[in-house]
Protein chains: 2
Amino acid sequence: MAHHDLQTVSHECGDCPIRHRAVCARCEADELQRLEQIKYYRSFQAGQTVIWSGDRMDFVASVVTGIATLTQTMEDGRRQMVGLLLPSDFVGRPGRPTAAYDVTATTDLVMCCFRKKPFEELMSSTPHIAQRLLEMTLDELDAAREWMLLLGRKTAREKIASLLAIIARRDTHLKLKSAKGSIVFDLPLTREEMADYLGLTLETVSRQVSALKRDGVIELEGKRHVIVRDFDKLLEETGDDTDGGYLV
Amino acid sequence: MAHHDLQTVSHECGDCPIRHRAVCARCEADELQRLEQIKYYRSFQAGQTVIWSGDRMDFVASVVTGIATLTQTMEDGRRQMVGLLLPSDFVGRPGRPTAAYDVTATTDLVMCCFRKKPFEELMSSTPHIAQRLLEMTLDELDAAREWMLLLGRKTAREKIASLLAIIARRDTHLKLKSAKGSIVFDLPLTREEMADYLGLTLETVSRQVSALKRDGVIELEGKRHVIVRDFDKLLEETGDDTDGGYLV
DNA sequence: CCGCGGGTTTGATCTGCATCAAGGCCGACA
DNA sequence: TGTCGGCCTTGATGCAGATCAAACCCGCGG
């Protein structure tokens, strides 16, 4: 099959990761059409549960707008967040029938869903989708392992700084450290959610956020609005290697 | 292309995960031959470093015999193990030029390596290899997230019990709980390595192992040889859901 | 205008694990 | 056979973060 002009085409929902490398506009058009056919949108209100751990999950999806969390809960109620889904992040595992975690909308949320069965078929007929998914999954794995270091070895203050740095980075699309200018963002999580993410209690989170503010690392307007005037200063608090870039 | 008799063929290194689903013996033979061509073995002594984080990594590999660990280290020396590689586990990420973690042999180790470039080519021409890798990576991601719960929310005693349960399970290939009979195995890790895995200090590990022994949850012969007479009793100590199976 | 409730802060106290320190065990090697 | 060096255990003490307990802030509905 001859390939024609090279260009990137993406199906219409913004940053959705289920899009193709630049291959061949014609072949892509085909696949995109098939994607469109199995795709639908779902909206959730802040606080709503998207799916419970163990439930049958017959779709895969990507976040269009809003924020969702993945959490695990122990019988006695101890909770650990194991993932934070921002726009363009992907949820769901082809080949797995049930959800492995609770997925919850922490803000109003729109997801772009693909019915799983046809998605899997599409996947096996178009190899680069599997490769794209593999790449994304490897990224998630790296992030999870980075988080293991945080949970196992960082102090409360370092944990808070790391979380703030990650959110700041994600919000502003800076991949590495950016020295210039202030970064301003709204915390998408309550203190309790931050605690569940960091393996702390909400009181400790509150105290450490106050401490970072007192020490001039961050500024706060209200409880959620954060201003970082000197990102490097924040990075120093994370305990991470600062010179080698973020993901070594 | 016509498919012939269905059967599973595997290239000759034991449990290596880079093997094929049952497809077609003839097609497989082809691919296996290509795999053989790019494959080689490497041996390491206990304690040797296989590769340092950040180094160029021009192969992917699977563990044939022995045990290796993945660790991350902070500048000040705090260490967190982020993966434990037992026979048949896979290391390396297609599409990534450098290693993301230190890989160390904790016992004598034999790995079956594939040169990365040709492996990637093979991967793009035989889609089910990418799918197999995706599946394995998803499994690793699940394990990493399970571990995040452990690091963030479990007590020292629960952490030890969980580690013992995982090793016992891996050693004996039981997928879920098995009530019957004693399980006997050797700890493949020193107390310090266990500590690095669990986000504890070696002293705490030692104390909690002693405590589990004192409380009759495990028996010890020497320092490394563990006997679990009642696996359920051990599972109760892990804090995990015991009824729903292991991976919910 | 008040009262209510969810999220947050702050203080006082407690505790599980880290830290510091001393020995014990045991295999290797002279 | 002694002793040296890894690894492990055990004890004493300290401290970061958990827990318990108030009170504050602020948007919202009455």
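Note on naming: letters A, B, ... go to the chains in the order of the sequence lines (proteins, then strands), and numbering restarts at 1 for each one. Please read all numbers here as calculations on a predicted model, not as lab measurements.
We find that CG of B/Leu200 is positioned 8 Å from C1' of C/dC17, with the value rounded to whole Å. Protein atom CZ of A/Arg157 is 17 Å distant from nucleotide atom C1' of D/dC15, rounded to whole Å. Taking atom CG of residue B/Leu220 and atom C1' of nucleotide D/dT9, one finds them 12 Å apart after rounding to whole Å. A/Leu187 has its CG atom 13 Å from the C1' atom of C/dG7, to the nearest Å. We find that CG of A/Leu198 is positioned 18 Å from P of D/dA16, with the value rounded to whole Å. What separates NZ of A/Lys154 from P of D/dA16 is a distance of 19 Å, to the nearest Å. Straight-line distance from the CG atom of B/Leu202 to the C1' atom of D/dG6: 12 Å, rounded to whole Å. One atom, CD1 of B/Ile160, and another, C1' of C/dC17, lie 12 Å apart when rounded to the nearest Å.
Between the side chains of A/Thr98 and A/Arg56, no donor N or O sits under 3.5 Å from an acceptor N or O. At a cut-off of 3.5 Å, with distance as the only test, a side-chain donor of B/Ser182 or B/Arg229 sits close to an acceptor on the other residue.
Nucleic acid contact class of B/Thr201 (heavy atoms, under 4.0 Å, all strands): base. At a threshold of 4.0 angstrom between heavy atoms, the contacts of A/Gly199 are confined to the sugar-phosphate backbone, with no base atom among them. Nucleic acid contact class of A/Arg224 (heavy atoms, under 4.0 Å, all strands): sugar-phosphate only.
Under the 4.0 Å criterion applied to side-chain N and carboxylate O atoms, B/Asp89 and B/Arg170 are assigned as salt-bridge partners. Contact check on A/Arg153 versus B/Asp76 returns no salt bridge, with no Lys/Arg side-chain nitrogen under 4.0 Å from an Asp/Glu carboxylate oxygen.
Between the side chain of A/Glu203 and the base of D/dC20, at least one donor-acceptor pair of N or O atoms lies under 3.5 Å. Under 3.5 Å, the side chain of B/Glu192 and the base of D/dC8 form no donor-acceptor pair of N or O atoms.
Near DNA chain C, meaning a heavy atom under 4.0 Å from it, residues 205-218 of chain A has A/Ser206, A/Arg207, A/Ser210 in order of number.
Annotation: cation-pi pair A/Arg169/A/Phe185 absent, no NZ/CZ under 6.0 Å from the ring centroid and within 45° of its normal. Cation-pi geometry between B/Arg145 and A/Tyr101 is met: the NZ or CZ atom falls under 6.0 Å from the ring centre, inside 45° of the normal.
Between A/Arg153 and A/Lys223, the residue anchored closer to the 5' end of DNA chain C is A/Lys223, taking for each the nucleotide with the nearest heavy atom.
Classified by interplanar angle (parallel below 30°, tilted 30° to 60°, perpendicular above 60°), the ring pair A/Tyr40/A/Phe59 is perpendicular.
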